Student: 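Before I ask anything, here is the structure I am working with.
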Amino acid sequence: MSKEILVAVDQDDVRVAITEDDEMVEFYIERPTSERVVGNVYLGKVENVLPGMEACFVDVGLDRNAFLYVDDAHPVRSDEEDNLPGNVKGASINQLVRPGQPIMVQVVKEPIGSKGARVTRNVTLPGRYLVFMPAVNYVGISRRITDEEERKRLKRVAHSIRETDAGLIVRTVAENRSDNELQEDYNFLLKQWQKIQRKSRKASPPALLYQDMGLSYRILRDTLDHTVDSLFVDDRNEYEKILGLLDIMAPSRKDIVKLYHEDGLFERRGINREIERALSHRVWLDCGGYIVIDRTEALTSIDVNTGRYVGSEDLQDTVFKTNLEAAEEIVRQLRIRDIGGIIIIDFIDMASPKDRKKVVSTLEEALARDKTKTTVLGITRLGLVEMTRKKVRESLDNVMMKGCPYCEGTGRIVSEHTMSGKVREEVRNTLRNSPAQALLVEVHPSVAALVIGAGGSNLKRLEEETGKSIYVRGAESCHLQEMKIVAMGDREDVERQALPVREGDVLKIRIEEPHVSNPKDGIARVEGYVLDVQEAGKHVGNEVEVEVVKTYRTYAKARLANDV
């Protein structure tokens with residue numbers, strides 16, 4: 001399997017795509033306006049303790065207070081800030097922290113939506129080959145290192161280089177690295193921790209004690225291993241920066257870094273197309289089937305459909321092949337979109353237990369390439385696959401998209417008929433106790449047509465109900481769910497604003513469309529007010545001169561000036 005890292009730099013952001021066999025599997029973006037805080041270490045101040053939730057909120061200087069759960073609230077053993085029983089198993093949140101107390105915390109989960117960052121007092125500092133954990137006395141080896149002899153060697157080295165009883169995790173990239181390389185990485189991390197401790201003794205909360213490195217550094221540190229064949233970067237400054245980092249981190253890997261001289265690295269490599277696909281609700285499969293991804297606050301549901309795929313043998317074979325391809329694509333989309341939490345997958349029903357087992361094993365094999373922790377819980381009695389994926393940061397759609405101000409996340413808006421009913425109700429409420437003689441409202445043209453009704457019947461009924469003159473103007477600039485009260489008061493004043501033309505006016509206008517019931521006539525608009533121009537259907541799209549011959553409440557009749 002070939003693996004590449006592509007780095008694209010723009011004035012507003014740095015974007016990194018990771019591909020496997022020329023298919024994008026991971027995507028990261030870093031913008032100055034949305035700075036990452038996961039990994040940062042702060043000296044915070046406990047704002048309020050919530051015994052009922054066994055948690056507290058900590059002010060770390062971000063927009064929203066951070067959330068500290070009781071299991072993450074045990075301080076580092078060497079912490080001398082107070083005499084609280086930090087290592088008492090089962091201690092309540094009241095025993096561990098108190099309001100106003102300064103504490104050192106590290107962000108483990110980005111602020112997401114309305115929720116603040118989640119923090120822990122168990123600081124971890126990742127290096128190139130090791131992860132340093134001052135709060136625990138533990139040595140672990142990455143489960144991705146499978147050679148037992150190498151695991152034993154790495155564990156022995158890790159124990160030997162520790163100068164304190166702090167914890168160490170040996171990362172996958174440390175496989176076959178020398179003792180000296182691991183020692184140097186440990187020394188670097190130990191100095192970082194000592195620097196953090198010195199800063200914490202001098203700082204006043206809230207204060208930033210340590211900030212994790214930029215995106216390029218993190219990608220080199222966490223992703224650049226022996227499986228990466230090449231790294232392309234399209235910016236000279238970033239290219240030099242990456243080479244400088246590799247001088248320190250991995251000099252032997254500098255030869256895979258290449259400066260991309262042409263324009264459009266992401267466009268030429270198909271990354272932009274894959275990003276658009278990853279922001280779509282529906283994702284088509286090569287076979288003609290598709291998956292639908294729906295996200296809610298509680299979970300993500302993924303539905304698999306055969307779509308255009310009809311197969312070549314029988315129904316069960318078609319279903320099986322669609323599910324197999326969907327399993328691979330689902331994992332790819334989870335990685336690209338960085339979807340976390342509870343995930344429910346509704347594969348197409350399979351009668352054969354052997355087929356079901358093969359689809360689940362394909363899903364698990366694809367997930368094995370995902371460095372984010374995942375757990376597949378199996379198939380439920382309803383035939384759904386349940387799984388979880390660790391959630392650390394905002395998903396791709398939250399980073400690159402924003403919520404619709406109209407549908408507010410539902411993906412649906414009210415129909416024209418529903419909106420016309422709301423407009424009538426709003427007009428009634430507005431005029432009920434008002435001394436105004438008339439009202440002018442502006443709505444979307446399709447809503448205006450329903451409020452007015454055939455021949456003005458609905459509008460006439462509304463005027464009879466209210467005893468007032470009501471003018472309705474259609475405007476393309478209005479959203480379907482929007483209603484504007486443009487004028488309200490004296491009848492003559494409102495009519496003057498509602499009817500922007502007078503009988504006898506000669507205007508130069510553009511014919512927009514043919515009349516619905518009489519195609520020989522053309523329709524034009526002036527400030528949303530409709531002009532029905534006789535014999536102008538053949539001039540659609542053209543600008544013509546017309547004379548207004550008759551004005552009505554909701555429209556005016558006109559004729560071509562050269563026909564006068």
Side-chain angles (χ1 to χ4, degrees), residues 416 419-420 423-424 426-427 430-431 434-564:
E416 292 89 342
M419 188 60 197
S420 66
V423 169
R424 288 193 294 271
E426 184 65 27
V427 167
T430 301
L431 293 175
S434 171
Q437 298 174 342
L439 175 74
L440 168 62
V441 297
E442 191 172 83
V443 293
H444 189 273
S446 59
V447 177
L450 292 172
V451 175
I452 294 168
S457 57
N458 292 345
L459 185 60
K460 184 179 179 181
R461 191 178 303 117
L462 189 59
E463 287 184 325
E464 290 173 354
E465 290 178 21
T466 60
K468 308 291 175 72
S469 295
I470 300 168
Y471 298 85
V472 179
R473 187 161 70 195
E476 292 287 350
S477 59
C478 275
H479 188 272
L480 195 66
Q481 294 189 170
E482 187 179 13
M483 168 187 158
K484 296 177 184 176
I485 297 178
V486 179
M488 184 174 171
D490 181 74
R491 184 175 288 107
E492 290 185 4
D493 290 340
V494 174
E495 185 179 86
R496 196 176 299 113
Q497 295 184 62
L499 309 179
V501 300
R502 293 286 182 270
E503 292 178 15
D505 287 352
V506 177
L507 310 167
K508 205 164 190 179
I509 57 173
R510 181 178 175 274
I511 304 300
E512 298 178 7
E513 57 192 328
H515 193 286
V516 174
S517 57
N518 183 10
K520 288 185 178 181
D521 289 356
I523 296 298
R525 290 179 177 83
V526 178
E527 298 177 18
Y529 182 70
V530 174
L531 294 184
D532 178 1
V533 185
Q534 299 170 7
E535 302 298 325
K538 59 188 176 185
H539 295 294
V540 170
N542 298 325
E543 199 172 72
V544 296
E545 199 172 71
V546 302
E547 180 188 8
V548 179
V549 295
K550 184 69 175 176
T551 58
Y552 300 92
R553 180 71 58 79
T554 57
Y555 76 103
K557 284 277 189 181
R559 60 188 172 189
L560 296 170
N562 56 11
D563 291 343
V564 178

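Note that this is a predicted model, so its numbers are computed, not measured.
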Student: Can you tell me how far the OH atom of Y552 sits from the CG atom of L499, to the nearest 0.5 Å?
Tutor: 12.5 Å
Student: Within the 4.5 Å heavy-atom criterion, are L431 and I470 side-chain neighbours or not?
Tutor: yes
Student: Which heavy atom in P519 sits nearest to a heavy atom in P514, and how many Å separate them?
Tutor: O-CB, 3.9 Å
Student: Which atom names give the shortest non-hydrogen contact between A556 and V501, and what distance separates them?
Tutor: CB-CG2, 4.2 Å
Student: Would you mind listing every ring pair (Phe, Tyr, Trp, His ring centres under 6.0 Å) that reaches into residues 517-538, with sequence neighbours excluded?
Tutor: none
Student: Assess the residue pair V533 and H539 against the criterion (side chain to side chain contact (heavy atoms under 4.5 Å, CB included)); give the C-alpha distance rounded to whole Å, side-chain angles, the decisive distance to 0.1 Å, and a yes or no.
Tutor: CA-CA 10 Å; V533 185; H539 295 294; over 6 Å; no
Student: Determine whether a donor-acceptor pair (N or O, by modelled atom type, separation under 3.5 Å) exists between the side chain of K468 and the backbone of A436.
Tutor: yes
Student: Inspect the contact between K520 and E535 and indicate whether a charged nitrogen and a carboxylate oxygen are less than 4.0 angstrom apart.
Tutor: no
Student: Holding to ring-ring contact (aromatic ring centres under 6.0 Å, His included), I want the full list of residues that pass it with H515, two or more places apart in sequence or in another chain.
Tutor: none
Student: Identify, with sequence neighbours excluded, every residue that meets side chain to side chain donor-acceptor pair (under 3.5 Å) alongside N542.
Tutor: none
Student: Are any of the side-chain heavy atoms of V506 and E545 separated by less than 4.5 Å?
Tutor: yes
Student: Please list, chain by chain and in numerical order, all residues satisfying side-chain contact (heavy atoms from CB on, under 4.5 Å) with L450, sequence neighbours excluded.
Tutor: E416, H417, S420
Student: So, using salt bridge (Lys or Arg N to Asp or Glu O under 4.0 Å) as the criterion, who are the partners of D532 when residues are at least two apart?
Tutor: K557
Student: Could you report the tightest heavy-atom contact between P500 and A498, atom names first, then the distance?
Tutor: CD-O, 3.2 Å
Student: Is the number of heavy atoms from other residues, nucleotides or ligands under 6.0 Å of E543 CD greater than 12?
Tutor: yes
Student: Going through the checks in order, is the side chain to side chain contact (heavy atoms under 4.5 Å, CB included) test met by V443 and M419?
Tutor: CA-CA 9 Å; V443 293; M419 188 60 197; 5.6 Å; no
Student: Please name all residues satisfying salt bridge (Lys or Arg N to Asp or Glu O under 4.0 Å) with E463, sequence neighbours left out, ordered by chain then number.
Tutor: R553
Student: Compare every heavy atom of M483 with every heavy atom of I485, then report the nearest pair and how far apart it is.
Tutor: CG1-CE, 3.9 Å
Student: Working note: S469 + E495, criterion side chain to side chain contact (heavy atoms under 4.5 Å, CB included); need CA distance, chi angles, decisive distance, verdict.
Tutor: CA-CA 9 Å; S469 295; E495 185 179 86; over 6 Å; no
Student: Please give me the minimum heavy-atom distance between E476 and P445, naming the atom from each residue.
Tutor: OE2-CG, 3.7 Å
Student: With heavy-atom distances below 4.5 Å as the criterion, would you say the side chains of V472 and V427 are in contact?
Tutor: no
Student: With sequence neighbours left out, which residue pairs that include part of residues 437-457 fulfil the side-chain hydrogen bond (donor to acceptor under 3.5 Å, both in side chains) condition?
Tutor: E442-R473, H444-S446
Student: What residues form a salt bridge (Lys or Arg N to Asp or Glu O under 4.0 Å) with E426, not counting sequence neighbours?
Tutor: none
Student: Name all residues meeting the side-chain contact (heavy atoms from CB on, under 4.5 Å) criterion together with N458; count only those two or more places apart in sequence or in a different chain, and write none if there are none.
Tutor: R461
Student: Under the rule for side-chain contact (heavy atoms from CB on, under 4.5 Å), what residues qualify as partners of D493, not counting sequence neighbours?
Tutor: D490, R496
Student: If every non-hydrogen atom of A524 is compared with every non-hydrogen atom of R510, which pair is closest and at what distance?
Tutor: CB-O, 3.4 Å
Student: About how many Å separate NZ of K460 and CD1 of I452, when rounded to the nearest 0.5 Å?
Tutor: 15.0 Å
Student: List the residues meeting side-chain contact (heavy atoms from CB on, under 4.5 Å) with V530, not counting sequence neighbours, and say none if there are none.
Tutor: I523, R525, Y555
Student: To the nearest 0.5 Å, what is the distance between OG1 on T466 and CG on L439?
Tutor: 8.5 Å
Student: Show every ring pair (Phe, Tyr, Trp, His ring centres under 6.0 Å) that has at least one partner inside residues 474-495, sequence neighbours left out.
Tutor: Y406-H479
Student: What verdict does the side chain to side chain contact (heavy atoms under 4.5 Å, CB included) test give for L531 and L507, after you've listed the backbone C-alpha separation in whole Å, the side-chain angles of each residue and the deciding distance to 0.1 Å?
Tutor: CA-CA 11 Å; L531 294 184; L507 310 167; 4.1 Å; yes
